[in-house]
Amino acid sequence: MPSLPTPAPAVLLASSFAFVVVQLDVTIVNVALPRIGLELGAGVGALQWVVDAYMLGFAALLLSAGALGDRFGHRRVLLAGFALFAATSAACALAPHAPALNAARAAQGVAAALLVPSSLALLRAAYGHDRQRLAAAVACWTAAGGVAIAAGPLLGGLLLSVAGWRSVFWVNLPICALGFALTRALAEAAPAAPPAGTPRRPFDVAGQLLAIVALVALIGALIEAQSLGQSHPLVRGAALLALLAGAAFVAVERRSAAPMLPLQLFARPGFAAAVLFGVLLNFAYYGVLFVLSFYLQALRHFSALQSGLMFLPLTATFIASNLAGGWMAARAGAPATMVLGGLIGCTGYALLGLLGVSARAGFLDMLPGLALIPAGMGLAVPAMTTVILAGVEPRLAGTASAVLNAARQVGGAAGVALFGAMAAAGSRVEAIGAVRAAMVWSALLLLLAATLAYRCRGGLGAPRPAAQPA
């Protein structure tokens, strides 16, 4: 891997802490859900909202957060994100009931939205002069987040065994404090605000409101369809509202002089392909992570600690594949790396669905799938992210990264909603069958993602020779 120039390593370290705390809270909560349900009297639908409220707050505000960073400075927005994430984590830990927890989780997602695009934009500013160095930096950034994703279930299981479910939120406070301190030290490497005289984009209020309405209505319809039924007026009304708000959002963005989502980004080579690839990747991964936690604890009656230990293979393969993904993307190109990652993930889901999930499956039956899924995702994500960042000018880096991550979070929230509804229906035997079906569907989605990357390889581009720093 190419060496990282100074002061860029300081930017990379601060950016990585931002991604760590955001990704940790996606997965650490999963193993705590059964305990939360027991203590707060929450059913499966309410527990789905514990996961999806965070993803929705994250996805709905990502586009605006990217624009805010482009307008006011990404270092300043990153500092605000760390402070807000710590405050909302404390609110989650102190929540007296499920509605309060879900509201705090949505606010926590807003804080996460402030962190991710600004951390990526700072990387783009520090490494954008050299595509290979940018790929290496993105690989380190995604590796840090990948470790957090993979370590979340294990850390959550350990905390639950000694301190209860509220501890999975308290653990965020020291991480945020360290990230805040590191970001404040970036005064020279990353100015707090854009240079004087830099044009400021107006804030797209109409676009933001329509995006929130469309996303909340869509995910709400998917989650509540299981408990209320697909023909219920509220479910149908929410689905119709999502469709109308989505259409209005596109119309507003097309006419806006300063849109929150510049639609011309999708005309850039490889941009739309990389975004759709990310949607499929997250839909499968987060949907499966939710139902696997449900399967291990509610259906197989493993403890939270045992469940966390069974997710341990994710950590090692995430680290190795993330680093290898950056190296491969810099040399073989993003298309080959994305295709390979998609096929490896597809194999992992297929193995879990066909062999690793049953009423009596043991850890060794699940091990091949649990190892291959993060291996594939770890290879693909750095390549996908590099395609997005390398294809835009610095002034749109925050917005472009926000588009990618917003789309991925929508995919993840939809996966939790659909796969969670499948697993919650019927008897224990039917629920296990539904979990297996979720794995098979995920394998098909990853095969589709790999096919998409292969068919669009001309647009995604080949590796470029390393450029000399300016």
Side-chain angles (χ1 to χ4, degrees), residues 21-58 85-112 148-149 151-176 219-220 223-224 226-228 286-287 289-311 412-413 416-417 419-421 423-425 427-428 431 435:
V21 75
V22 168
Q23 296 293 76
L24 182 66
D25 251 60
V26 174
T27 60
I28 195 173
V29 174
N30 278 282
V31 293
L33 291 175
R35 190 80 59 86
I36 293 172
L38 286 174
E39 292 192 18
L40 299 185
V44 174
L47 294 179
Q48 285 176 277
W49 276 114
V50 173
V51 178
D52 275 348
Y54 178 78
M55 290 188 174
L56 279 174
F58 192 6
F85 204 98
T88 52
S89 295
C92 289
L94 297 171
H97 44 67
L101 175 59
N102 289 335
R105 284 285 283 171
Q108 197 180 34
V110 173
I149 287 178
L154 176 59
L155 180 58
L158 290 170
L159 290 171
L160 282 167
S161 67
V162 298
W165 67 265
R166 297 179 191 274
S167 62
V168 304
F169 298 109
W170 288 123
V171 75
N172 293 330
L173 271 64
I175 301 174
C176 288
I219 301 304
I223 290 177
E224 298 304 326
Q226 188 272 326
S227 58
L228 299 178
Y286 292 116
L289 195 64
F290 181 89
V291 298
L292 267 182
S293 297
F294 175 78
Y295 162 79
L296 291 173
Q297 295 186 65
L299 301 178
R300 297 295 307 280
H301 306 296
F302 289 106
S303 69
L305 180 57
Q306 288 172 321
S307 300
L309 288 171
M310 293 184 76
F311 284 114
V416 170
F419 288 171
S427 65
R428 178 174 180 271
V435 173

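Excluded from the calculations below are hydrogen atoms, water molecules and symmetry mates; all remaining heavy atoms, backbone and side chain alike, are included.
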Strictly distance-based, threshold 3.5 Å: is any side-chain N or O of Arg166 a donor or acceptor partner for the main-chain N or O of Ala90? no

Look up atom CZ in Phe290 and atom CG in Asp52, then write down how far apart they are to the nearest 0.5 Å. 8.0 Å

Can you spot which of Val31, Leu159, Leu40 makes a side-chain contact (heavy atoms from CB on, under 4.5 Å) with Trp165? Leu40

Short question: side chain of Ser303, backbone of Gln306 - any donor-acceptor pair under 3.5 Å? yes

Would you say Gln23 and Thr27 make side-chain contact, with heavy atoms under 4.5 Å? no

Between the side chain of Gln108 and the main-chain N/O of Cys92, is any donor-acceptor distance below 3.5 Å? no

To the nearest 0.5 Å, what is the distance between CG (Leu101) and OH (Tyr54)? 13.0 Å

How long is the gap from CZ on Arg35 to CG on Leu47, to the nearest 0.5 Å? 13.0 Å

Any side-chain heavy atom of Phe169 within less than 4.5 Å of one from Asp25? yes

Nearest heavy-atom neighbours spanning Ala100 and Pro96: CB-CD, 3.7 Å

Is it the case that the side chain of Arg105 and the backbone of Val50 share a donor-acceptor pair, with hydrogens and angles ignored and the cut-off at 3.5 Å? yes

Output the distance between atom CD1 (Ile36) and atom CG (Leu160), rounded to the nearest 0.5 Å. 8.0 Å

To the closest 0.5 Å, what do you measure between CH2 (Trp49) and CG (Leu56)? 5.5 Å

Apply side-chain contact (heavy atoms from CB on, under 4.5 Å) to residues Trp170 and Leu94 and explain how you reach the verdict. CA-CA 9 Å; Trp170 288 123; Leu94 297 171; 3.7 Å; yes

Can you find a heavy atom in the side chain of Ile175 that is under 4.5 Å from one in the side chain of Phe85? no

Working to the nearest 0.5 angstrom, can you tell me the gap between Leu289 CG and Asn30 CG? 4.5 Å

Assess whether side-chain contact (heavy atoms from CB on, under 4.5 Å) is satisfied between Leu155 and Leu24, documenting all intermediate values. CA-CA 9 Å; Leu155 180 58; Leu24 182 66; 4.2 Å; yes

